[in-house]
**Q** 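First the structure, which I've put down as structure tokens, then a few questions once you've had a look.
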Number of protein chains: 2
Amino acid sequence: MSKLPSLKNLSYLLALHQHQNFNRAATACNVSQSTLSSGIQNLEEQLGCQLIERDHKSFLFTGMGEEVVEQARRILTSTEELLYFAQSQGKTMEGPLRIGCIPTIAPFLLGDLSKKLQRDYPNLQLNIREDTTTNLLHLLRNGELDVLVLALPIDIQGNQSYVLGRDPFKLVMHKTLAEKLEEPVQYNKLPDNSIFLLEKEHCLTGHAVAACELADSSKINPFTATSLHSLVQMADAGLGATFLPQMAIDRGILNGTDLVALKPTGKEASRDIGLVYRPTTNRRQTFRRFAEVVAQLLPEPLLE
Amino acid sequence: MSKLPSLKNLSYLLALHQHQNFNRAATACNVSQSTLSSGIQNLEEQLGCQLIERDHKSFLFTGMGEEVVEQARRILTSTEELLYFAQSQGKTMEGPLRIGCIPTIAPFLLGDLSKKLQRDYPNLQLNIREDTTTNLLHLLRNGELDVLVLALPIDIQGNQSYVLGRDPFKLVMHKTLAEKLEEPVQYNKLPDNSIFLLEKEHCLTGHAVAACELADSSKINPFTATSLHSLVQMADAGLGATFLPQMAIDRGILNGTDLVALKPTGKEASRDIGLVYRPTTNRRQTFRRFAEVVAQLLPEPLLE
DNA sequence: TCGTTTAATTAGTATTTTCGATTATGATAA
DNA sequence: TTATCATAATCGAAAATACTAATTAAACGA
């Protein structure tokens with residue numbers, strides 16, 4: 001069996017991929033350009049295939065090169081995790097914690113969360129990324145994030161997860177519109193096209209439609225918003241109603257508006273908030289503790 | 001950030017864990033005992049924690065040492081996979097393929113399968129392990145196997161899977177017992193304690209009970225068998241009936257007996273045969289092609 | 001007590017890695 | 001056109017490291 005590529009050379013490859021320039025990559029690695037250059041050549045020789053195409057002056061990663069980069073990133077991440085795990089003697093709630101969170105949770109959770117975590121666990125270094133579910137899962141897979149706070153259920157693609165709590169949906173509309181309605185609101189009392197939702201990239205939309213038994217799509221306005229705040233503004237302008245998560249309402253998203261929140265139809269009109277992490281992690285203890293802290297900030301904590 | 005541990009030292013640690021002896025481990029690594037010894041010490045220093053307890057003469061892995069071994073095994077496996085992937089230029093159906101298979105599938109599949117694979121893909125080196133579902137999943141996780149052929153549904157623990165085909169259950173009994181029965185067999189026509197099953201370690205048992213709607217446990221004999229062949233012998237001796245997968249019957253497990261196979265109750269009286277692999281694999285193409293070959297050998301192939 | 005087996009240690013050697021300087025190539029500006 | 005700049009590859013010397021053989025020290029069994 002031929003010799004394994006060295007982690008050092010793999011990290012050179014990653015740096016080169018990131019900086020797309022030998023000198024800058026070398027600087028980032030704290031080595032000379034020649035070291036990095038020969039490291040890459042070495043790697044290509046060991047792997048027996050071309051990773052980058054050199055066309056004098058510049059270069060380009062080959063398809064294989066890109067694949068190797070992906071794989072190498074995972075290997076290096078695992079090794080870094082091993083190192084950190086051992087160095088911290090497996091202690092919980094220490095070291096960097098890279099959290100991914102979706103846009104319909106992040107603004108209503110992370111403020112209080114990071115305040116609390118920084119107070120109670122000063123050795124925990126938080127690093128937060130807000131993005132769509134799909135992108136976050138990709139970053140998790142590649143080891144660029146440690147743990148995700150998402151709305152479930154979703155396809156977690158080979159990761160592990162558990163539910164932290166429930167976040168009820170409320171039907172939000174201008175108070176003048178709400179006057180003649182009683183809870184739970186029957187959607188057929190609403191005019192057609194009067195319910196506004198987020199773009200379908202946001203899982204909130206799907207979850208709300210499912211949980212609130214909003215089968216009658218004629219009530220849904222085809223115009224979609226890009227954020228909860230624009231939904232609020234549209235509703236406040238009297239254009240119609242919308243669904244908002246209780247979390248957002250609790251953090252005052254309706255303050256200064258003339259909107260009221262009503263209970264919608266659907267006996268489980270809520271979304272689940274859950275934690276997702278790689279099955280190969282060695283930080284389950286930390287994630288568990290983290291989960292408990294997050295759960296305390298949810299409208300309906302649900303953690304055995 | 002401190003320096004990453006080297007793959008070499010990690011492999012020394014794995015060898016030591018495997019051989020539990022510095023000399024033998026060193027020999028296995030093709031290095032001298034002193035090299036391995038200092039490699040381990042080096043590693044302990046880098047990781048900043050004790051991995052093995054030395055009590056003069058002998059040694060013992062610490063808890064942390066065991067954890068590090070687990071993690072290191074994954075890292076090395078990934079790196080080996082990367083190496084092989086690159087060296088084979090990502091070609092499919094080449095190189096070693098380490099297959100795990102359960103005892104109620106293996107004997108009726110692997111003969112034909114390996115013959116076929118060796119003929120069509122001479123560059124594929126098969127390596128087959130037969131064990132229980134639980135053990136196979138553990139070996140898969142640790143990178144000691146590449147792909148599993150199992151009966152689904154089961155908890156695949158963060159792995160990925162798909163179904164290859166269906167394998168119907170048949171109720172097998174002595175022909176004299178079968179004379180007065182009609183298909184599908186109503187279990188209440190059978191005497192109490194007359195159905196023999198495998199030990200509960202075999203998932204076949206659970207699958208059969210569920211799929212064949214065998215709720216009435218008074219029919220099940222508490223004595224359990226350890227292999228399908230002993231079930232056959234017990235049934236042939238007239239002790240009672242049993243469930244066998246169609247695969248086994250097709251490969252002639254009833255030859256030379258006075259047993260007949262009847263259709264049992266249950267509108268989906270069958271188990272699914274599926275493939276399981278790590279989500280981080282880079283050999284999906286190979287697994288897919290492999291799956292197609294396996295599917296062709298199943299009673300009811302089911303692969304889109 | 002002596003010989004055996006074990007892992008750690010030591011000192012010398014071999015190998016690998018790294019750097020700085022240099023070269024070669026193309027792009028850009030004068 | 002020529003000079004200048006930026007890029008990546010190459011080369012030889014220096015530094016760091018990995019490795020070995022021989023030795024030590026401790027434990028065990030005959």
Side-chain angles (χ1 to χ4, degrees), chain A residues 1-62 65-66 68-69 72 76 79 83, chain B residues 1-47 49-62 64-66 68-69 72 76 79 83:
Chain A
M1 194 192 74
S2 31
K3 221 187 122 197
L4 287 180
S6 78
L7 293 181
K8 202 176 289 190
N9 285 351
L10 291 179
S11 74
Y12 292 164
L13 188 72
L14 282 201
L16 184 60
H17 188 255
Q18 190 185 340
H19 295 99
Q20 292 289 326
N21 173 301
F22 275 73
N23 273 302
R24 285 197 294 279
T27 310
C29 295
N30 293 310
V31 295
S32 72
Q33 171 262 319
S34 68
T35 299
L36 189 129
S37 177
S38 59
I40 301 286
Q41 286 175 63
N42 216 303
L43 196 56
E44 287 186 309
E45 201 169 323
Q46 281 176 341
L47 298 184
C49 64
Q50 204 178 1
L51 301 176
I52 54 185
E53 280 176 54
R54 289 98 163 152
D55 71 331
H56 295 278
K57 175 74 180 157
S58 191
F59 64 88
L60 203 76
F61 274 75
T62 62
E66 296 280 350
V68 172
V69 164
L76 283 164
T79 315
L83 178 66
Chain B
M1 194 192 73
S2 32
K3 221 189 121 198
L4 287 181
S6 77
L7 293 181
K8 202 176 291 190
N9 284 350
L10 291 179
S11 74
Y12 292 163
L13 187 72
L14 282 202
L16 183 61
H17 188 255
Q18 190 185 339
H19 295 98
Q20 291 291 323
N21 173 301
F22 276 73
N23 273 302
R24 286 197 293 279
T27 310
C29 295
N30 292 310
V31 295
S32 71
Q33 172 262 320
S34 69
T35 298
L36 189 128
S37 178
S38 60
I40 303 284
Q41 287 175 59
N42 214 303
L43 197 56
E44 286 186 308
E45 202 170 322
Q46 281 176 341
L47 298 184
C49 64
Q50 204 178 1
L51 301 176
I52 55 185
E53 281 176 53
R54 290 96 163 155
D55 71 332
H56 293 227
K57 174 78 179 156
S58 190
F59 64 89
L60 203 76
F61 274 74
T62 63
M64 176 61 74
E66 296 280 351
V68 171
V69 164
L76 283 163
T79 315
L83 178 65

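As the structure is a computational prediction, the values presented were derived from the model and not from experiment. To find a chain, count down the sequence lines: A is the first, B the second, and so on, and within it residues start at 1.
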**Q** Report the residues that fulfil side chain to side chain donor-acceptor pair (under 3.5 Å) with B/Q41, sequence neighbours left out, ordered by chain and then residue number.
**A**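 With sequence neighbours excluded, B/Q41 shows a side chain to side chain donor-acceptor pair (under 3.5 Å) to B/S37, given in chain and number order.
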**Q** How long is the straight-line distance from CD1 of B/I40 back to OH of B/Y12, given to the nearest 0.5 Å?
**A**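 Interatomic distance, B/Y12 OH to B/I40 CD1, rounded to 0.5 Å: 9.5 Å.
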**Q** OP1 or OP2 of D/dA8 less than 4.0 angstrom from a side-chain nitrogen or oxygen of A/Q41, does that happen here?
**A**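 Negative; the distance criterion is not met.
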**Q** Would you list the pairs meeting salt bridge (Lys or Arg N to Asp or Glu O under 4.0 Å) in which at least one residue belongs to residues 30-49 of chain A, sequence neighbours left out?
**A**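 Every salt bridge (Lys or Arg N to Asp or Glu O under 4.0 Å) pair that includes a residue of residues 30-49 of chain A, provided the two are not neighbours, is A/E44-A/R54.
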**Q** Can you measure A/I52 atom CD1 to D/dA8 atom C1' for me and round it to whole angstrom units?
**A**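 After rounding, the gap between these two atoms is 9 Å.
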**Q** Would you list the pairs meeting salt bridge (Lys or Arg N to Asp or Glu O under 4.0 Å) in which at least one residue belongs to residues 19-34 of chain A, sequence neighbours left out?
**A**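 Residue pairs with at least one partner in residues 19-34 of chain A: there are none.
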**Q** How many whole angstroms separate atom CD of A/Q46 from atom P of C/dT16?
**A**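 So the CD-P distance, A/Q46 to C/dT16, works out to 11 Å.
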**Q** Pairs of donor and acceptor atoms involving the side chains of residues 28-35 of chain A, under 3.5 Å and at least two apart or interchain, shall be tabulated with distances.
**A**
from, atom 1, to, atom 2, distance (Å)
A/S32, OG, A/S34, OG, 3.1
A/S32, OG, A/T35, N, 3.2
A/S32, OG, A/T35, OG1, 3.0

**Q** Side chains of residues 4-11 of chain B: which donor-acceptor pairs under 3.5 Å do they make with residues two or more places apart or in other chains?
**A**
from, atom 1, to, atom 2, distance (Å)
B/S6, OG, B/N9, N, 3.1
B/S11, OG, B/K8, O, 2.6

**Q** Taking atom P of C/dA8 as reference, at what distance in whole Å does atom CG of B/L43 sit?
**A**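 It is 13 Å, rounded to the nearest whole Å.
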**Q** Output all residues satisfying side chain to side chain donor-acceptor pair (under 3.5 Å) with B/Q18, sequence neighbours left out; order by chain, then residue number.
**A**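 Listed in chain order: nothing, the list is empty.
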**Q** Is any side-chain N or O of B/S37 closer than 4.0 Å to OP1 or OP2 of C/dA7?
**A**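 No, no such contact exists.
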**Q** Quick one: what's the B/S/- string for nucleotides 15-21 of chain D, heavy-atom cutoff under 4.0 Å, read 5' to 3'?
**A** ---SSBB
**Q** Nearest whole angstrom, please: distance from the P of C/dT16 to the CG of A/L7.
**A**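 Interatomic distance, CG of A/L7 to P of C/dT16: 18 Å.
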**Q** With side-chain contact (heavy atoms from CB on, under 4.5 Å) as the test, would you mind laying out the steps for B/V69 and B/F61 before giving the verdict?
**A** CA-CA 9 Å; B/V69 164; B/F61 274 74; 3.6 Å; yes
**Q** Tell me which residues in residues 17-26 of chain B lie within less than 4.0 Å of DNA chain C, going by non-hydrogen atoms.
**A**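 Heavy-atom contacts with DNA chain C come from B/N21, B/F22, B/N23.
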